[in-house]
Novice: 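The structure that follows is given in the form of structure tokens.
Keep in mind the model is a prediction, meaning the values are calculated, not measured.
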Amino acid sequence: MLGLLLVKWLSTALIVIGVSVAVMRLGPKLGGVLAGTPIVLAPGYFFMLQEQSATFVADAALGTLHAMLATLAFCLGYVLLAAHRGATLSGVLAALLWLPVAALAGLMPGGLGLALVVFLSSHCLALRFTRGLGLARALSVSPPRWGDLVVRGALAGTIVCLATVVLDDIAPSVSGIALSFPIGMLTIALTLHQRYGAEVARATLAATQLGMLSLVAFSAVMVMSVQLLPWGYAFAASLIASVGVSYMLWGFQQLKITDFYKNNFRLFER
């Protein structure tokens with residue numbers, strides 16, 4: 001058991017650290033898309049699929065999908081708080097906001113269809129709101145603080161171990177909600193805020209709202225496939241759907257950034 005926990009903890013920590021470094025190198029727009037990938041969900045469900053029944057995992061994935069509303073609230077909360085507060089206080093308050101929203105979302109009736117409708121409606125409103133804030137487009141170029149990344153990667157590994165082992169005897173939806181706690185996003189936001197300033201962190205979290213569609217795709221495909229396919233195929237299908245969404249968002253953001261620089265270059269020529 002200790003050996004398995006160590007593998008879970010270490011693999012998740014390495015994934016979170018690696019993605020955090022990439023986000024800091026890519027800047028807010030592309031980094032936000034990458035930050036929305038299932039860097040904690042994928043390792044968590046990989047282990048859960050091997051240890052739990054298909055029904056348990058399907059219920060957990062639906063709980064994760066419900067909790068995406070709380071993660072959306074976390075992103076919005078951090079974007080607004082960080083405009084006037086420091087990194088630590090903004091992170092703590094945004095995380096505290098996640099808790100009651102996740103609890104309420106877990107009580108949502110209905111299945112996959114209703115969960116998707118509610119999330120996508122909320123998601124559109126959130127994107128429309130943040131689009132008008134005029135957030136930074138600056139790129140991050142400084143080297144990362146490895147000590148901070150290691151500590152926060154370790155916390156992400158701890159959450160995966162908690163959700164896939166300790167909470168298994170409570171309820172699958174609770175495990176799914178716990179697994180969706182945005183430790184990866186919190187890690188990235190705090191690191192960017194402390195290293196590059198509030199505007200870069202806010203811009204990245206705002207872009208992460210769009211990147212969250214990757215998490216939604218992962219959870220939705222898991223709900224639909226896990227009771228129909230062997231666990232390996234269900235995991236692969238969920239991961240492919242998630243990566244496919246991220247790839248499309250990546251291309252979309254690259255096109256927007258290219259157009260932005262072209263337009264500025266033309267203005268400069270004039």
Novice: Does Tyr78 form a side chain to side chain contact (heavy atoms under 4.5 Å, CB included) with Met185? I'd like the steps, not just the answer.
Specialist: CA-CA 10 Å; Tyr78 194 95; Met185 296 178 189; over 6 Å; no
Novice: Residues sharing Val101's hydrophobic cluster, by side-chain heavy-atom contacts under 4.5 Å among ILVMFWY, directly or via others?
Specialist: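 Noted: Val101 shares its cluster with Leu97.
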Novice: How far apart are the C-alpha atoms of Phe74 and Leu205, what are their side-chain angles, what is the distance that settles it, and do they pass the side chain to side chain contact (heavy atoms under 4.5 Å, CB included) test?
Specialist: CA-CA 9 Å; Phe74 166 85; Leu205 262 290; 3.9 Å; yes
Novice: Can you list everything that forms a ring-ring contact (aromatic ring centres under 6.0 Å, His included) with Phe235? Sequence neighbours excluded, please.
Specialist: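 Partners of Phe235 under the ring-ring contact (aromatic ring centres under 6.0 Å, His included) test: Phe46.
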Novice: Output the distance between atom CH2 (Trp231) and atom CE (Met222), rounded to the nearest 0.5 Å.
Specialist: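 These two atoms lie 10.0 Å from each other.
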Novice: Answer yes if the side chains of Ser214 and Ser242 hold a donor-acceptor pair under 3.5 Å, and no otherwise.
Specialist: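 Ser242 and Ser214 do have a side-chain donor-acceptor pair below 3.5 Å.
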Novice: Passes side chain to side chain contact (heavy atoms under 4.5 Å, CB included), Leu89 versus Leu81? Steps please.
Specialist: CA-CA 8 Å; Leu89 182 59; Leu81 288 163; over 6 Å; no
Novice: Taking all non-hydrogen atoms of both residues into account, name the closest pair between Ala241 and Val221 and its distance.
Specialist: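 Smallest interatomic distance, heavy atoms only, reads CB-CG2, 3.6 Å.
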Novice: Hey, are Tyr45 and Ser219 close enough side-chain-wise for a donor-acceptor pair under 3.5 Å?
Specialist: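 No.
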Novice: What are the two closest heavy atoms between Met68 and Val216, and how far apart are they?
Specialist: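 Heavy atoms only, the tightest pair is CG-CG2, 4.1 Å.
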Novice: If you apply the rule side chain to side chain contact (heavy atoms under 4.5 Å, CB included), what do you find for Val200 with His193, and how did you get there?
Specialist: CA-CA 7 Å; Val200 173; His193 195 145; over 6 Å; no
Novice: Please output the side-chain donor-acceptor pairs of residues 110-128 that fall under 3.5 Å, not counting sequence neighbours, one pair per line with the distance.
Specialist:
residue: Ser121; atom: OG; partner: Val117; partner atom: O; Å: 2.8
residue: Ser122; atom: OG; partner: Val118; partner atom: O; Å: 2.9
residue: His123; atom: NE2; partner: Gln209; partner atom: O; Å: 2.5

Novice: Tell me if a side-chain donor or acceptor on Thr208 pairs with a main-chain N or O of Gly211 at a distance below 3.5 Å.
Specialist: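 Here the side-chain-to-backbone pair does not exist.
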